[in-house]
Protein chains: 2
Amino acid sequence: MREFKRKSRVLLIDDNADHLRGVKELITLESSYDVVGATTSANMGINLAKKYHPDLILMDINMPEKDGLQAIQEIERLDLGVRIIALSAYDDADLIFRAMKIGAKGYVLKTMASAQLIYAMDEVASGKVYLPTALTSRFFEYFQNSFKEENSKSSEENLLNYLTAREEEVLDLLTQGNNYKGIAGKLFISETTVKTHVNNIFQKLQVNDRTQAVLYALNNGFANRRKIVA
Amino acid sequence: MREFKRKSRVLLIDDNADHLRGVKELITLESSYDVVGATTSANMGINLAKKYHPDLILMDINMPEKDGLQAIQEIERLDLGVRIIALSAYDDADLIFRAMKIGAKGYVLKTMASAQLIYAMDEVASGKVYLPTALTSRFFEYFQNSFKEENSKSSEENLLNYLTAREEEVLDLLTQGNNYKGIAGKLFISETTVKTHVNNIFQKLQVNDRTQAVLYALNNGFANRRKIVA
DNA sequence: TTTGTCCTACATCTTTAGGTTGATAATTTA
DNA sequence: TAAATTATCAACCTAAAGATGTAGGACAAA
């Protein structure tokens with residue numbers, strides 16, 4: 001009879017040779033993981049990822065030579081299906097945010113107990129995203145902070161709420177980079193009508209030109225009514 | 001001798017009277033919480049929040065009358081220092097994302113065990129943000145998905161990388177809604193020089209006008225080099 | 001029915017934006 | 001040093017955008 005679960009194949013990237021060796025030994029002791037590669041070079045790590053298609057990568061993001069975050073981004077773009085855990089010495093909210101933003105499935109501090117690293121690996125290997133509780137809080141502080149301005153306006157203060165349905169359509173097309181002609185063509189109305197709408201939009205949003213209107217729209221949750229993030 | 005910790009004061013808002021009663025009983029059994037209010041009306045809930053300044057609010061976000069998310073947003077805007085946990089019947093990624101975006105400090109499913117609700121309350125009351133593991137994964141899937149396009153471009157593909165330092169400055173001012181005159185004034189150069197830069201920017205970003213340039217910049221992580229989210 | 005809002009449309013005018021060519025000086029790179 | 005890049009500015013022109021006023025028809029609310 002075979003094993004129930006095949007071992008997860010792990011690639012380690014850490015410019016600190018000592019730490020790299022330590023983590024490697026730690027993981028080797030775990031029966032559920034095989035270390036298929038370990039390197040102190042980010043570029044070499046990217047090549048090893050291409051070559052071995054590991055299940056998991058532990059990436060140190062505090063490297064001088066090549067930025068670990070950038071390496072994560074490059075590997076993510078290769079779309080190898082590998083799940084990456086960021087290893088960092090710092091619990092800096094901005095770092096955590098950026099790592100998660102570019103697709104890291106976990107973020108673990110180097111100072112954390114080895115058991116926690118293994119736990120994070122188990123979680124991430126099983127398809128989840130893992131962030132230690134303390135870091136999750138950090139992340140959300142940063143996350144919520146970044147929306148503070150947008151949220152701070154009440155519905156009466158958000159001038160977008162004074163637009164008519166048609167004006168919203170026009171503004172939507174403005175936020176896609178259309179000029180008068182483009183909008184007129186898409187809405188099957190004359191260019192002069194579009195001008196009228198656009199001018200009314202400027203009045204309502206208290207702006208002087210289309211760029212400012214677009215910026216106001218984006219900064220005040222206009223696109224969010226349809227889809228995703230700002 | 002007094003108690004070590006004073007009890008946390010909780011306000012309950014849930015349009016389902018049965019569920020409201022159930023949660024109230026559950027919490028009343030917990031020695032560390034006082035229920036200072038319980039209502040089936042979102043508007044009444046907002047008033048009670050103003051009146052009693054609770055430490056914690058459990059807010060049902062699946063209410064027909066007034067949207068619970070909207071109620072959360074209104075309470076957050078009051079800046080009472082109250083920490084809100086969203087209660088929902090659905091583990092929909094978009095709902096979770098929106099709740100956290102507007103400042104909820106937790107999101108708990110109604111179907112979860114009561115012990116988990118209490119745990120979430122303990123965590124949130126102690127200043128943390130709490131999301132059950134499964135929902136954290138959901139959140140991050142959605143979160144990372146929303147940045148997929150922006151991340152998908154390699155540094156060679158991201159045309160912003162071809163801009164010179166000066167052009168970046170000009171583009172930055174463009175993304176703040178400045179016209180030629182405004183940019184010229186801020187950079188202490190002539191308007192014609194600004195025009196030259198702007199035209200070069202258009203060439204490099206392969207766009208036709210400033211609105212498209214601004215949109216390209218925002219959609220490709222330009223603002224993120226300085227600060228927060230898109 | 002009247003009032004008000006919204007969508008449509010046009011004319012006119014002023015201002016801004018955009019495209020092009022060319023030129024100088026400083027800086028960087030080969 | 002020579003060549004390339006960058007930053008600066010000018011003049012000129014066309015196209016587009018923005019400001020303002022007017023107005024008819026549809027529709028809904030008072």
Side-chain angles (χ1 to χ4, degrees), chain A residues 155-220 222-223 225-226, chain B residues 155-220 222-223 225-226:
Chain A
S155 52
E156 302 93 62
E157 284 165 342
N158 191 332
L159 302 175
L160 290 174
N161 292 318
Y162 296 112
L163 299 182
T164 66
R166 198 54 158 174
E167 286 162 357
E168 283 197 5
E169 285 184 84
V170 172
L171 180 55
D172 186 41
L173 291 169
L174 277 180
T175 62
Q176 290 168 33
N178 291 284
N179 58 14
Y180 287 139
K181 193 181 292 184
I183 297 173
K186 273 155 195 159
L187 295 182
F188 304 106
I189 56 180
S190 86
E191 221 172 305
T192 60
T193 303
V194 177
K195 285 194 179 192
T196 306
H197 286 311
V198 169
N199 269 290
N200 290 333
I201 291 171
F202 291 167
Q203 300 297 319
K204 292 186 180 179
L205 301 189
Q206 297 168 21
V207 297
N208 303 310
D209 55 53
R210 60 183 55 212
T211 308
Q212 290 177 2
V214 166
L215 289 168
Y216 186 94
L218 297 181
N219 289 329
N220 290 279
F222 186 71
R225 298 178 184 193
R226 247 165 298 285
Chain B
S155 52
E156 302 94 61
E157 285 166 340
N158 191 333
L159 302 175
L160 291 173
N161 292 317
Y162 297 113
L163 298 182
T164 67
R166 198 55 158 172
E167 285 162 357
E168 282 196 6
E169 286 184 84
V170 172
L171 180 54
D172 186 40
L173 291 169
L174 277 181
T175 62
Q176 290 169 33
N178 291 285
N179 59 14
Y180 287 138
K181 192 181 294 184
I183 297 173
K186 274 154 197 161
L187 295 183
F188 305 106
I189 56 181
S190 84
E191 220 171 305
T192 60
T193 304
V194 178
K195 284 191 180 193
T196 306
H197 286 312
V198 169
N199 269 291
N200 290 334
I201 291 171
F202 292 168
Q203 299 297 319
K204 291 186 179 178
L205 301 188
Q206 299 169 17
V207 298
N208 304 308
D209 56 53
R210 59 182 56 211
T211 308
Q212 291 176 3
V214 166
L215 289 169
Y216 186 94
L218 297 181
N219 289 329
N220 291 279
F222 186 70
R225 297 176 186 196
R226 248 163 302 283

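Proteins get letters first, then strands, A, B, ... in listed order; numbering begins at 1 in each.
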Taking the minimum atom-to-atom distance to the side chain of [X], which one of [options] wins?
X: B:N179; options: D:dA7, C:dT16, C:dT8; value: C:dT16
X: B:V198; options: C:dG18, D:dG18, C:dT8; value: C:dG18
X: B:F202; options: C:dG18, D:dG18, D:dA7; value: C:dG18

Between atom [atom1] of [X] and atom [atom2] of [Y], what is the distance when rounded to the nearest 0.5 Å?
X: A:T211; Y: B:D209; atom1: OG1; atom2: CG; answer: 7.5 Å
X: A:L171; Y: A:L205; atom1: CG; atom2: CG; answer: 6.5 Å
X: B:E167; Y: B:L174; atom1: CD; atom2: CG; answer: 11.0 Å
X: A:E169; Y: A:I189; atom1: CD; atom2: CD1; answer: 8.5 Å

Quick check on [N]: is either OP1 or OP2 less than 4.0 Å from any side-chain nitrogen or oxygen of [X]?
X: B:Y180; N: C:dG18; answer: yes
X: A:T164; N: C:dC6; answer: no
X: A:T192; N: C:dT8; answer: no

### Query
Would a 4.5 Å heavy-atom cut-off, applied to side chains only, mark B:H197 and B:T164 as touching?
no
Could you check if a side-chain atom of B:Q176 sits within less than 4.5 angstrom of a side-chain atom of B:L173, using non-hydrogen atoms only? yes
With 3.5 Å as the limit, what N/O pairs link the protein to nucleotides 20-26 of chain D?
none

Whole-Å distance between [N] [atom2] and [X] [atom1]?
X: B:N178; N: C:dA17; atom1: CG; atom2: C1'; answer: 15 Å
X: A:E191; N: D:dA17; atom1: CD; atom2: P; answer: 8 Å
X: B:I201; N: C:dA17; atom1: CD1; atom2: P; answer: 13 Å
X: B:E167; N: D:dT5; atom1: CD; atom2: P; answer: 13 Å
X: B:N200; N: D:dT8; atom1: CG; atom2: P; answer: 12 Å
X: B:E168; N: D:dT6; atom1: CD; atom2: C1'; answer: 14 Å
X: A:N208; N: C:dA17; atom1: CG; atom2: P; answer: 10 Å
X: B:R210; N: D:dA17; atom1: CZ; atom2: C1'; answer: 11 Å

So salt bridge (charged side-chain N to carboxylate O under 4.0 Å, His left out) across residues 173-193 of chain A, not counting sequence neighbours, yields none
Residue pair B:D209/B:Y162 against DNA chain D: nearer the 5' end by closest nucleotide is B:Y162
| said: Heavy atoms only, 4.0 Å cut-off, all strands: where does A:T193 land among base, sugar-phosphate and nothing? | reply: base
